[in-house]
Each structure stands twice: as structure tokens, then as C-alpha cells.
Amino acid sequence: MALKMFSFAPTPGQSKADLHADLTAAALALTDGEPDAVANMANVAALLWEFLPDLNWAGFYRMVAGELVLGPFIGKPACIRIPLGQGVCGTAARTAQTQLVADVHAFPGHIACDAASRSELVVPVLRDGTVIAVIDLDSPSPARFDDDDARGIETLAQAIATRI
Ligand code: SME
């Protein structure tokens, strides 16, 4: 088995479209042929952290027996279980719709895992039409995420859906 060091990194000054394309390509390369879901989510969380500036939390919640359970992430320790429909993550999971929240204080029921969080992007990961996980990104900056980020992370979610 080849043991190797990975060096995936964003290119300074690249467009956001290129950044997201490179992020998804890196995620596909890192998870290629690896069947372990935890390993793959851990590496994708690390890539999200590496590629996307101005985050204070990046990672996964997995759908387990009808609720969201914390998965691999980078950031402060977070709440472990989130019922469907609660918070930004639970809303994304219940509706199967991306949640782009410019101001978390204005989102009814937002769950504050890190008091520094000001904006949040949560993208459901669907396999065969069913939500199996969500990707959660938090930023200490208000309105950190836009529609391009949402589409970019949706593309990533689709790309890795069979590998997590
Ligand atoms: N803010 C999320 C909870 C998860 S933490 O941000 C990591 C929510 O409202 O669902």
C-alpha cells in the first residue's frame, strides 16, 4: 500500500469558481477507492478548512436513526445530536434544501455551538434522493457565504455522496 503525503491547497488569487472546482477535485482524489466513510468525511472536512477562508467550523452531521449525529469536523467541540427540523442543520436535513444564513442571530432556532459564529451554510448530502448527512460551514463574519458558495458545496456534496 502506498503511504503518501497529500498536498492539496487553493491557488492564491484564483476565482471562486476555480476554488470550488479544485476543492471538489481534491475531495474526489482523496476519497478515490477508499471505502471508509469516517476517513473520507475527515479528509473532506480538512479540505473545506484548507480551501475556504474565514471559517470557524467545517464538517459533517450524519443522519443516524432519524436524527443528525456529529461527524468529522474541524472547529470547536459541537453539539452531538440535532433533531430533524431544529437549527440550521436540522432544517437542511428535514427539507433537503441548502440553508444559506447571512445572520445566524436572525435564524429562528439557530443552535449556537460556537459563540463566534455569525453566518452559516448547510448543504444536505443526498444519496438516492435521501438525506444521509449535511455539510455545515460556519463563519465568524456576517454574510460570509453567497449563492456561489452554496452551488459549489452542493456540487461537492453530490460528488462525495457515495463515498461517505
Ligand atoms: N449552528 C448549527 C449547529 C451546528 S454547529 O454550528 C457546528 C445549527 O443551528 O444547526
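The residues of the chain are indexed from 1 along the displayed sequence. We count ligands from 1, going down the list as the structure has it; atoms in each ligand are counted the same way.
A donor-acceptor contact shorter than 3.5 Å is absent between the side chain of R81 and the backbone of L70. Using a distance-only test at 3.5 Å, with no hydrogens or angles considered, no donor-acceptor pair links the side chain of D22 to the main chain of L19.
When each atom of ligand 1 is checked for a heavy atom of D136 under 4.0 Å away, the hits are 4 (C), 5 (S), 6 (O), 7 (C). For ligand 1, the atoms sitting less than 4.0 Å from at least one non-hydrogen atom of G87 are 9 (O), 10 (O), numbered in the order shown with element in parentheses. Heavy-atom proximity to H110, at under 4.0 Å, picks out these atoms of ligand 1: 1 (N), 9 (O). Atom numbering of ligand 1 starts at 1 in the shown order; those under 4.0 Å from a heavy atom of W57 are 7 (C).
In this structure, Y61 counts as a contact residue of ligand 1, since one of its heavy atoms falls inside 4.0 Å of the ligand.
Taken from CD in Q158 to CG in L126, the straight-line distance is 8.5 Å, to the nearest 0.5 Å. Note that CG of L68 is 8.5 Å distant from OH of Y61, once rounded to the nearest 0.5 Å.
From the protein, the heavy atom lying nearest to atom 8 (C) of ligand 1 is V88 N, 3.3 Å. The nearest protein atom to atom 2 (C) of ligand 1, hydrogens excluded, is given as E120 OE2, 3.1 Å; this is a heavy-atom distance. Looking only at heavy atoms of the protein, atom 10 (O) of ligand 1 is closest to C89 N, 2.8 Å. Shortest contact from atom 5 (S) of ligand 1 to any protein heavy atom: C113 SG, 3.1 Å.
Using a 4.0 Å cut-off between heavy atoms, V104 makes no contact with ligand 1 at all.
Side chain to side chain, N56 and D138 fail the donor-acceptor criterion of an N or O pair below 3.5 Å. There is no side-chain donor-acceptor pair under 3.5 Å between S139 and R144. Counted by atom type alone, T31 and N40 present zero donor-acceptor pairs between their side chains at under 3.5 Å.
Heavy-atom contacts from other residues, nucleotides or ligands closer than 6.0 Å to NZ of K76 number 12 or fewer. In this structure, Q14 places its CD atom where more than 12 heavy-atom neighbours from other residues, nucleotides or ligands lie under 6.0 Å away.
Inclusion of G109 in the set of residues having an N or O under 3.5 Å from an N or O of ligand 1 is not warranted. Considering backbone and side-chain N/O of D138, one or more are found under 3.5 Å from N/O of ligand 1. Annotation: I111 places an N or O atom under 3.5 Å from an N or O atom of ligand 1; distance criterion only.
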